[in-house]
Amino acid sequence: MDKKLYITTAIPYVNGTPHIGNALDYLLADIWTRYQKQNGHEVRFQVGTDEHGNKIAAKAAAAGLDPQGYTDQMYVNFEALMKRMEASYTDFVRTTDIHHIQSVQYLWQVLQPYIYKGSYEGWYCVGCESFVSDKEATTNGGICPDHQQPYQHLSEENYYLKTSAFTDRVRQSITDDELKIVPEFRKKEFLELIKDGLQDVSISRPKKNLSWGIPVPGDPDQVMYVWLDALANYITVLGYPDNSDWQQYWPADVQVVGKDILRFHAGIWPAMLLGAGLELPKKLLVHGHVNVGGAKMSKTVGNVVDPIEVINDYGLDAFRYYFSRHIPTLDDGDFTWEKFENSYNTELANDLGNLIRRVSGMIGRYQAGVIGVAPQGEHDMSAYHEAMEKLEFNRAIDEVWLMVRSLNQYIENVKPWEIAKKATTDADAKAHLNDVLAYAVGALLQIGDLLVPFLPTTAATIHKTFESGVIVDTEVLFPKIYKHTADPNANRA
RNA sequence: CGCGGGGUGGAGCAGCCUGGUUAGCUCGGAUGGCUCAUAACCAUCAGGUCGUAGGUUCAAAUCCUACCCCCGCAACCA
């Protein structure tokens, strides 16, 4: 019996609203999950929110709320996005969950042999109540831009995790693909990054500087800093350590992360796991970032794209389509409303939507909607499955579109409308027509199967339309939309 | 010499690792065909010194060297 499968996504910090990056995480994990389920596997799919830290406390105070009340309000936004995307997650973890907190405290104790007390020195802003990096202090000329106060050079007591002790094992695991970093160039990049070894990482703060966090067991003056708290979610959500279920799922088969947080997931996280005597995840799927018209998406520039808006305007499957096909799974991608709308109108509407319509239309017109027995689609899909295994989802969906095109070509070559003219008087022609259309239906049903992980709603519509042997009328898929591009027919006579 | 990615017809990409048919695909453009369909679909054509300069080879977009340019990252921002 196969191990039960487990996939995770990064847990976003809840001090803002969900953005495209979060959506991409959920989408990629969801595609994988649906694909594995389709192949008969049981999959657990974790999502969650990171809810501790000073920024949260500050935002809460500004909103006149206590931190817990604030996060209770904020995490809902993320949950709403996941639901809107129909991400088929099974577990939602909040780092303020009581089980998570207890579990992390337990983990801290397990890691005791690798934890030591040290002091941290750096530039500190009293207004922000936090340290800033040397680089940031220098950039700002030694003055905090938010508070117009000079940074002070302070030192404070921290607990450190001896990640350096695990450098060799982490490096070895990654090199050997025991912990496989996908794509390959990210693996190279990370190995290069740690060529001088992993550096011990500070995992706590004095309580006076960090109030909103998990208390360090046995030291009332210290509170855990983000690392242990947030990264541990991947196992605490499974019930670690008290509910033995977790052992059926850990190690994770795939952990989806953005390129910006690879270093924590490939460095600190493995060190934590090794320190606790746990297995390393099998794969890290490192996706890129979504640019807008070639520029980085940023709040200050004001070019942020809200995934909910895209879904509202074009529908869920249109969103899932663009972000799975035109944003390369393992690299940066580009979004513009024009590109999006263009691919929607040409690929979804013209290629696929119209194809479904013309096939169902002919069957309705020539055979009163009766399909007969559709043969099994026989298209060789090894390239599709190979791409799915390699986590190159965009390549897989490309393969589906090759099928769409070839079916359109097939129809063009066979010309069912001509056969139909003879079919009224010629029994052979009638049988031939039936075969041709049934073949088209078989191909469409196969396309529908392959789209299940990507476009679940569309796949369901395709099946509903054709699978009963009689055409079931369904709504037009992907009607044309011209909100951001010119309507070519606008000035048609 | 910090690290990584990339420079291929108007745009976006594949091919490069494992050199070898007329350098492939999508979008866009032109022409034609068809009429079942969401004025959709299909075919053909135009267009590329494969960043630059050398080298290896019977043969290089593909391997080697140097250089130019663009983009990320450089430790706590998907």
Side-chain angles (χ1 to χ4, degrees), chain A residues 9-13 15-16 18-26 50 53 55 78 130-136 183-195 198-199 201-203 225-227 230 256-264 267-268 287-291 294-299 307 325-326 328 331-334 336 338-339 342-343 345-366 394-395 398 401-402 404-405 407-420 433 437 440 476-481 487-489 492:
Chain A
T9 56
I11 54 173
Y13 201 50
N15 70 336
H19 52 65
I20 289 282
N22 308 125
L24 194 56
D25 255 23
Y26 304 147
D50 176 15
K55 284 181 186 166
F78 292 87
S130 68
F131 283 88
V132 299
S133 65
D134 288 352
K135 186 187 162 195
E136 192 178 340
E184 187 79 17
F185 75 86
R186 296 285 175 210
K187 165 181 168 179
K188 260 172 64 183
E189 200 173 85
F190 184 75
L191 286 172
E192 190 62 38
L193 186 70
I194 61 166
K195 69 169 182 250
L198 290 170
Q199 263 180 30
V201 58
S202 158
I203 53 170
Y225 189 55
V226 60
W227 303 126
V256 178
V257 300
K259 67 178 183 181
D260 52 314
I261 54 171
L262 168 63
R263 58 184 47 154
F264 316 122
I268 300 171
H287 66 250
H289 288 183
V290 179
N291 294 320
K296 275 205 271 192
M297 205 179 289
S298 90
K299 281 183 189 165
R325 185 170 186 204
H326 294 295
D331 212 338
D332 288 353
D334 196 52
T336 65
E338 292 74 18
K339 279 184 183 176
N342 204 41
S343 94
N345 282 330
T346 58
E347 294 161 3
L348 286 174
N350 292 350
D351 290 344
L352 180 62
N354 178 60
L355 174 61
I356 291 164
R357 200 87 194 292
R358 69 194 299 211
V359 171
S360 66
M362 284 190 280
I363 293 169
R365 189 162 163 150
Y366 304 144
N394 56 310
R395 299 254 186 178
D398 277 345
W401 250 256
L402 286 180
V404 169
R405 295 181 76 79
L407 184 54
N408 267 323
Q409 286 164 353
Y410 169 79
I411 291 171
E412 204 64 35
N413 291 336
V414 181
K415 302 183 184 14
W417 49 92
E418 285 188 2
I419 305 174
L433 179 62
L437 295 176
V476 170
L477 285 167
F478 312 114
K480 294 287 181 60
I481 298 176
D487 182 345
N489 304 311
R492 191 164 52 92

A:Lys188 vs B:G5: side-chain N/O to OP1/OP2 distance below 4.0 Å = yes

Under 4.0 Å between any heavy atoms, over every strand shown, what does A:Asp334 touch: base, sugar-phosphate, or nothing? Just pick one.
-> nothing

Watson-Crick or G-U stems involving RNA chain B, each at least 3 pairs long, distances under 3.5 Å, ordered by first number = B:2-7 with B:68-73, B:10-13 with B:24-27, B:29-33 with B:41-45, B:51-55 with B:63-67

Which whole number of Å gives the distance between the C1' atom of B:C16 and that of B:G7?
-> 14 Å

Identify whether any heavy atom of A:Val201 sits under 4.0 Å from a base atom; if not, whether one sits that close to sugar-phosphate; answer base, sugar-phosphate or nothing.
-> nothing

Could you give the CZ-to-P distance, from A:Phe190 to B:G5, as a whole number of Å?
-> 16 Å

Does the pair A:Asp332/A:Lys259 count as a salt bridge with the N-to-O cut at 4.0 Å?
-> yes

Between atom CG in A:Asp331 and atom P in B:G72, what is the gap in whole Å?
-> 13 Å

Report yes if a side-chain nitrogen or oxygen of A:Arg358 is closer than 4.0 Å to either non-bridging phosphate oxygen (OP1 or OP2) of B:C41; otherwise report no.
-> no

Pairwise C1' distance, B:C70 and B:C63 [rounded to whole Å] = 25 Å

Could you measure between the two C1' atoms, the one in B:C25 and the one in B:C50, and give it in whole Å?
-> 15 Å

Between A:Gly258 and A:Tyr366, who's closer to the 5' end of RNA chain B by nearest nucleotide?
-> A:Tyr366

Compare side-chain N and O positions of A:Gln409 against OP1 and OP2 of B:C41 and report whether any pair is under 4.0 Å apart.
-> no

Return no unless some side-chain N or O of A:Arg395 is found under 4.0 Å from OP1 or OP2 of B:G15.
-> yes

Indicate whether OP1 or OP2 belonging to B:G72 is found under 4.0 Å from a side-chain N or O atom of A:Lys259.
-> no

Give a yes/no on whether any side-chain N or O of A:Arg405 is located under 4.0 angstrom from OP1 or OP2 of B:U26.
-> yes

Which is true for A:Trp401 with a 4.0 Å heavy-atom rule: it touches a base, it touches only sugar-phosphate, or it touches nothing?
-> nothing

